[in-house]
Number of protein chains: 2
Amino acid sequence: MQRPYNERMVDSAHRTSRADQRRQTEARILAVARQVFSEYGYDRATIRAIASKAKVNPGLVIHYYGSKERLFAEATRTTPDEPIAGPPDQVAEQLLAALHAKLTEEPTATLAMLRSMLTHPEAAHGVREALRHQQRQISLGLSADDALLRTALTGAITLGVVVGRHLLQLDGLRDASPEQITDLLRPCLESLTRSPAEEPSAER
Amino acid sequence: MQRPYNERMVDSAHRTSRADQRRQTEARILAVARQVFSEYGYDRATIRAIASKAKVNPGLVIHYYGSKERLFAEATRTTPDEPIAGPPDQVAEQLLAALHAKLTEEPTATLAMLRSMLTHPEAAHGVREALRHQQRQISLGLSADDALLRTALTGAITLGVVVGRHLLQLDGLRDASPEQITDLLRPCLESLTRSPAEEPSAER
DNA sequence: GTCTATATTCAGATAGAC
DNA sequence: GTCTATCTGAATATAGAC
């Protein structure tokens, strides 16, 4: 019915070989897949919908990526976060900088993973691993014996804020500027990354 | 094949009328539905699996609840949280008490809703409404002009911690005691519910 | 009150034509 | 390189038997 993208471009330099054409189509499918997965999650995102938005046939998607599961794996592959390291008293600032970046623009691949983390085992595994990875880095710098819990909490807080803003679009979080948010969270993350000596245990 | 639960109990007091029998079966289905929904989320939880675990026929589930959608609505209906009110300087403690309760044992109905909040529109709506409801209560007590963002952050933090513990089961969060967690989060929530006058804006 | 049997819909995957 | 046509499986929902 509709004309597909399968005509070879005939530009003056007779470029775009069949291989190029294929790479382009493949890339277009992947980009659309990221977008659809991030919006609907793994189960509700259908190959058919992705193919339709990418203006190709459903069969072609499978032909390139093998299965929906493998397409999802490709679409959610991300480069690990910048390592958090340096002197302990700067860990909080680094976490805030990382959060600021996530609030400004989280890559679609990451959002696709986060969207499915509660209902798709592979996605859950990916998120757990990413957080574990960050936990290991930070825990090294903290001397406290409850370092693991402290870093887990910084991860949970970051997760809650990112999910609340980008996926749930909570009132007040959706519109606020990244600066406003990180400023308000500074005391939180500082208290969690401070060594126990500096933070006398509370009353009770 | 397997004997269903449809024999009337013939006890000495000739109790359990057909109506009673029905109520029991209905309640059993609902309890199982909560459990399955909370574990797999809306899409991957099937009527068939619920019926099987409840030892009834799939048709019966539909017969009682009309549709999967309505069964889910029933299964995720929750009583609203205890109201957060009182003097502003106690808001943080009340939030911590509420969090402590959620960490100790979150009702299965709530977990069922949370599990699906990122992939099922109705569940997302339910979570947003619950958070909005709490936001309104707390914002009243805060004088700050950024009260809405502050309360959104307390909600996001609570959400992140509860999800991280019960649904993602993050290392360090899964095992920690509720007291340990709330103690570490006390400075966080206090800083967010403190009025700006008491919390001088940071450097930079 | 509960079950059997089935209609219907839909999505992932396959085979082969163009 | 991309599409058409189809197979297969699974799940919700319905109708009526027992």
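A note on names: the letters A, B, ... follow the listed sequences, proteins ahead of strands, and every chain is numbered from 1. Everything numeric here is computed off the predicted structure, so don't read it as measured data.
Note on B/Ile47: only backbone sugar-phosphate atoms sit closer than 4.0 angstrom, heavy atoms only; bases stay farther off. A/Ala45 comes within 4.0 angstrom of sugar-phosphate atoms only, judged by non-hydrogen atoms across all strands, and of no base.
Atom CG in A/Asp20 sits roughly 13 Å away from atom C1' in D/dG1 (whole-Å rounding). Put simply, CZ on A/Phe37 is 12 Å from C1' on C/dG12, counting in whole angstrom units. One can place CD of B/Glu26 at 13 Å from C1' of C/dT2, the figure rounded to the nearest angstrom. Counting to the nearest Å, the C1' atom of C/dC10 and the CG atom of B/Asp43 are 13 Å from each other. Atom CD1 in A/Ile62 sits roughly 16 Å away from atom C1' in D/dT4 (whole-Å rounding). Computed from coordinates, the A/Arg44 CZ to C/dG12 C1' distance equals 18 Å when rounded to whole Å. One interatomic measurement links the two molecules: NZ of B/Lys68 to C1' of D/dA13, which rounds to 12 Å at whole-angstrom precision. In this structure, the OH atom of B/Tyr65 is 15 Å from the C1' atom of C/dT2, given to the nearest Å.
We find that A/Arg165 and A/Glu106 are not joined by a salt bridge, their nearest charged nitrogen and carboxylate oxygen being 4.0 Å or further apart. Salt-bridge annotation for B/Glu26 and B/Arg22: present, with a side-chain N of the basic residue lying under 4.0 Å from a carboxylate O of the acidic one. Classification of A/Asp81 and A/Lys102 as a salt-bridged pair holds, one side-chain N sitting under 4.0 Å from a carboxylate O.
Closest contact between the side chain of A/Thr46 and the listed nucleotides D/dT4, C/dG12, D/dA13 involves C/dG12. Distances from the side chain of A/Arg22 to the nucleotides D/dA11, D/dA13, D/dT2 place D/dT2 closest. Considering only side-chain atoms of A/Arg18, the nucleotide from C/dC3, C/dG1, D/dG1 that sits closest is D/dG1. Proximity note for A/Val56 (side chain, C-beta onward) versus D/dC3, C/dT2, D/dA13: the nearest is D/dC3. Each of D/dT2, D/dA13, C/dA11 was ranked by its minimum atom distance to the side chain of A/Arg48; first place goes to C/dA11.
Taking only side-chain nitrogens and oxygens, B/Thr25 comes nearer than 4.0 Å to OP1 or OP2 of C/dT2. In this structure, A/Gln24 does not reach the D/dG1 phosphate: none of its side-chain N or O atoms is under 4.0 Å from OP1 or OP2.
With 3.5 Å as the limit, one finds no donor-acceptor pair spanning the side chains of B/Glu105 and B/His166.
Two residues, B/Ala19 and B/Gly59, neighbour DNA chain C, and the one matched to the more 5' nucleotide by heavy-atom proximity is B/Ala19.
Of all non-hydrogen atoms in A/Thr193 and A/Leu189, the two that sit nearest each other are OG1-O, 2.8 Å.
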